[in-house]
Amino acid sequence: MTNGAKNYEEKLAQNLKFFRKKAKMSQIDLCVQINVTEEYISKIERGIRTPSLKRLFKIAKALNIEPYELLK
């Protein structure tokens, strides 16, 4: 994996956690809304897993933000 990709995973992890907490949602709340396991969200927030583009859009919609905000 390139450093660029790693940086985006870290940024996604940080931003997902930030926006989830800003929305006052637990990992479980988000999981229920997008139909995934808590482990899945936890792995994204720890930078271990990267969601598909389709799932990234679902996460953004659940958090009421634009998808690009998760990567900026």
Side-chain angles (χ1 to χ4, degrees):
M1 182 176 306
T2 65
N3 283 341
K6 188 67 173 168
N7 289 340
Y8 278 108
E9 287 175 348
E10 290 170 2
K11 200 58 156 158
L12 173 62
Q14 292 169 0
N15 288 341
L16 175 55
K17 191 171 187 176
F18 171 80
F19 284 111
R20 179 179 58 76
K21 288 184 176 213
K22 185 175 179 183
K24 296 182 177 16
M25 293 177 77
S26 68
Q27 287 182 345
I28 294 172
D29 295 332
L30 182 56
C31 294
V32 169
Q33 283 201 13
I34 65 168
N35 197 29
V36 296
T37 65
E38 185 179 1
E39 180 183 9
Y40 180 81
I41 296 299
S42 175
K43 284 183 176 182
I44 296 171
E45 288 188 358
R46 289 182 284 141
I48 296 171
R49 183 147 192 188
T50 305
S52 68
L53 189 57
K54 185 177 180 178
R55 192 141 294 142
L56 186 75
F57 274 75
K58 285 182 178 184
I59 292 169
K61 184 176 180 180
L63 295 174
N64 201 29
I65 60 173
E66 293 296 322
Y68 76 89
E69 292 181 89
L70 291 168
L71 300 172
K72 69 176 186 175

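For the numbers below, each heavy atom of this structure counts, side chains included, while hydrogens, waters and symmetry mates do not.
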**OP:** Locate the shortest heavy-atom distance separating A60 from E66; write the atom from each residue and the value.
**Re:** CB-C, 4.0 Å
Original post:
Out of curiosity, K17 NZ to L12 CG, how far, rounded to the nearest 0.5 Å?
Top reply: 13.0 Å
Subject >> Working for side chain to side chain contact (heavy atoms under 4.5 Å, CB included), residues V36 and I59 >> reply: CA-CA 10 Å; V36 296; I59 292 169; over 6 Å; no
Original post:
Would you say Y68 and L63 are hydrophobically clustered, going by side-chain heavy atoms of ILVMFWY under 4.5 Å?
Top reply: no
Original post:
Can you tell me how far the OG1 atom of T37 sits from the CD atom of Q27, to the nearest 0.5 Å?
Top reply: 10.0 Å
Original post:
Atom CD in E39, atom CZ in R49: separation rounded to 0.5 Å?
Top reply: 8.5 Å
**OP:** Return the minimal non-hydrogen interatomic distance between F19 and E69, and the atom names on each side.
**Re:** CE1-O, 3.5 Å
Subject >> Charged N-O contact under 4.0 Å between R20 and E45 >> reply: yes
Original post:
What heavy-atom pair brings I28 and E38 nearest, and what distance separates the two atoms?
Top reply: CG1-OE1, 3.4 Å
Subject >> Closest approach of E9 to G47 (non-hydrogen atoms, all atoms of both residues) >> reply: OE1-O, 3.9 Å
Original post:
How long is the span from the CZ atom in R55 to the NZ atom in K58, to the nearest 0.5 Å?
Top reply: 6.0 Å
Original post:
Do you know which two heavy atoms are closest between A13 and I44, and how far apart they sit?
Top reply: CB-O, 3.3 Å
Original post:
With a cut-off of 6.0 Å (strictly less than), are more than 12 heavy atoms of other residues, nucleotides or ligands near OH of Y40?
Top reply: yes
**OP:** Find out if a path of hydrophobic residues (ILVMFWY) with successive side-chain heavy-atom gaps under 4.5 Å connects L71 to L16.
**Re:** yes
Original post:
Does L56 belong to the same Ile/Leu/Val/Met/Phe/Trp/Tyr cluster as F18, with side-chain heavy atoms less than 4.5 Å apart forming each link?
Top reply: yes
Original post:
Of the non-hydrogen atoms in A62 and M25, which two are nearest, and what is the gap between them?
Top reply: O-SD, 4.0 Å
